[in-house]
Amino acid sequence: MSDLVYLGGTIVPRRSAAVSIDDRGFLFGDAVYEVLRVVRGRFIEAERHLRRLARSLHEVSIPDPGLDLLAVSADLLRRNGLGNAEATVYVQVSRGAAVRQHAFPPPGTAPTVLVTVSAFSQRSELLTSGATAITLPDFRWSRCDIKSVNLLPNVLAAQRAAEAGAFEAILLRDGVVTEATRSNVLVVVGGVVRTHPTGPFILPGVTREVVLELAGEAGVVVREEAVGSDDLYAADEVFLTGTTADVMPVVKIDGRPVGAGRPGPMARRLGALLAERIGVGAPGS
Ligand SMILES: Cc1ncc(COP(=O)(O)O)c(C=O)c1O
């Protein structure tokens, strides 16, 4: 975590940054967020992240703060000595501070904008060896496409995974794999990559989108269709995608090996293509 943060128009030391107790992000979880990756000053897939943030804001009717987020982030990275490093940028926009009532506050209530930056280093040993996962019921709401800070179900599921010694919890809604607590889930069956279609039950992951495009360009057949729990256990490969997970092979689910129990060729191939695109070393290289 870095020392200086951007909050409500100014750059302040993290220890003195304070949000009002009336802030609707604090009281209601009435806020959306975005996480971007930065490699030596270069924002990865910035346009897609900014587009998704604008969409999240639109879907919950929080006014767009109209800030040049990349300029603010670049300044913050530089001031925190991360201008030439690998880092992540966290952006949160809440509906602002107002007298507590469920319905929206009066027009003109200023959204609260928070931007923080952190040094990032990929857990490359996990990318190489593969991660483990558990499955859990997906009891989230039906607007998982909005990147909202209402993450309690994700928090509880991630904690269950941590307690089980697993990297992620793969979520099942009515027997269908939706996504995981902080990543999307893709499976490989007979050389075909399958993943839940976009819609209300998953976050349209930026990495998922990029990896599906890279797969298509490489001639891999991709199908955005439901994957049942039986398909999950019987898959040749399972992997996760995310801004900080990259292409993370899953080698064990609920204690059962996935395929041969080690990262498979599709995850390695797509992981290498993604690494090349991001401009970082390929896993295992
Ligand atoms: C629930 C969920 N699904 C998927 C993702 C992956 O999205 P992205 O690739 O845009 O990081 C995230 C990332 O935080 C997430 O929270």
Side-chain angles (χ1 to χ4, degrees), residues 29 31-39 43-57 59 69 73 86-93 116 118 120 122-123 127 131 133-162 166-173 176-187 193 195-215 222 224 227 238-250 267 270-271 273-275 277-278 280:
V32 298
Y33 76 108
E34 213 28 79
V35 179
L36 286 87
R37 177 107 162 253
V38 192
V39 175
F43 293 96
I44 307 302
E45 309 297 345
E47 222 171 274
R48 296 186 207 233
H49 283 283
L50 294 180
R51 206 182 311 134
R52 186 171 62 185
L53 178 62
R55 180 180 181 276
S56 294
L57 288 166
E59 290 300 313
L69 279 171
S73 305
E86 284 213 38
T88 53
V89 176
Y90 178 85
V91 179
Q92 179 174 318
V93 185
T116 64
S118 305
F120 176 75
Q122 184 52 276
R123 298 170 66 180
L127 287 182
I134 58 169
T135 58
L136 287 175
D138 187 347
F139 49 75
R140 298 174 300 160
W141 68 334
S142 303
R143 288 308 307 271
C144 300
D145 54 312
I146 299 169
K147 201 164 168 62
S148 132
V149 303
N150 280 270
L151 290 172
L152 190 53
N154 307 54
V155 165
L156 296 177
Q159 178 59 22
R160 289 275 300 275
F167 175 76
E168 254 289 24
I170 294 175
L171 306 174
L172 294 161
R173 189 184 285 257
V176 166
V177 175
T178 48
E179 57 180 337
T181 71
R182 54 192 185 281
S183 52
N184 292 108
V185 179
L186 291 81
V187 306
V193 173
T195 189
H196 196 289
T198 54
F201 297 128
I202 68 163
L203 183 78
V206 167
T207 321
R208 171 191 180 280
E209 191 174 278
V210 170
V211 165
L212 292 186
E213 284 174 14
L214 292 171
V222 170
E224 295 182 61
V227 173
V238 174
F239 52 91
L240 309 169
T241 60
T243 296
T244 57
D246 288 335
V247 172
M248 177 68 74
V250 177
L270 296 179
L273 288 172
L274 181 70
R277 174 156 175 139
I278 294 177
V280 294

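Whatever order the structure lists ligands and atoms in, that order sets their numbers, starting from 1. Numbers for residues simply follow the sequence, beginning at 1.
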Would you mind checking which non-hydrogen protein atom is closest to [atom], with the distance to 0.1 Å?
atom                    : value
atom 9 (O) of ligand 1  : T207 OG1, 2.6 Å
atom 16 (O) of ligand 1 : R182 CA, 3.5 Å
atom 3 (N) of ligand 1  : E179 OE1, 2.6 Å
atom 7 (O) of ligand 1  : G205 CA, 3.4 Å

Q) Which ligand 1 atoms are under 4.0 Å away from a heavy-atom of G242? A)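 Going through ligand 1 atom by atom, the ones under 4.0 Å from G242 are 6 (C), 9 (O), 11 (O).
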**Q.** Ligand-side contact atoms (ligand 1) for residue partner T243, heavy atom cut-off under 4.0 Å
**A.**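 Selected atoms, number and element: 8 (P), 9 (O), 10 (O), 11 (O).
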Q: Answer yes or no: is there a side-chain heavy-atom contact under 4.5 Å between T241 and L274?
A: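 A side-chain contact is absent here, since even the closest heavy-atom pair is not under 4.5 Å.
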Q. Where on A180 is there a heavy atom closer than 4.0 Å to ligand 1, on the side chain, on the backbone, on both, or on neither?
A.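 The part of A180 near ligand 1 is the backbone, not the side chain.
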Q: Of the side chain and backbone of S183, name the one, both, or neither that has a heavy atom under 4.0 Å from an atom of ligand 1.
A: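 Near ligand 1, S183 shows its backbone, while the atoms from C-beta on stay back.
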**Q.** Salt bridge K147-E34, side-chain N to carboxylate O under 4.0 Å
**A.**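 Result for this pair is no, no salt bridge flagged.
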Taking all non-hydrogen atoms of both residues into account, name the closest pair between [X] and [Y] and its distance.
X    : Y    : answer
Q122 : D246 : NE2-OD2, 2.8 Å
R182 : F167 : NH2-O, 2.6 Å
A180 : L240 : CB-CD2, 4.3 Å

Could you tabulate the donor-acceptor pairs under 3.5 Å formed by side-chain atoms of residues 199-215, not counting sequence neighbours?
residue, atom, partner, partner atom, Å
T207, OG1, G242, O, 3.4
T207, OG1, T243, N, 3.1
R208, NH2, H196, O, 2.8
R208, NH2, E224, OE1, 2.7
E209, OE2, R48, NH1, 2.6
E213, OE1, R48, NH2, 3.0
E213, OE2, R48, NH1, 3.0

Q) Out of L36, T178, T181, N184, who gets a non-hydrogen atom closest to atom 6 (C) of ligand 1? A)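 Closest candidate by heavy-atom distance is N184.
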Q: With atom 14 (O) of ligand 1 as the reference point, say which of H49, K147, R48 has the nearest heavy atom.
A: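 Considering heavy atoms of H49, K147, R48, the nearest to atom 14 (O) of ligand 1 sits in K147.
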(Q) Applying side-chain contact (heavy atoms from CB on, under 4.5 Å) to L36 and T88, what does each step give before you reach the verdict? (A) CA-CA 6 Å; L36 286 87; T88 53; over 6 Å; no
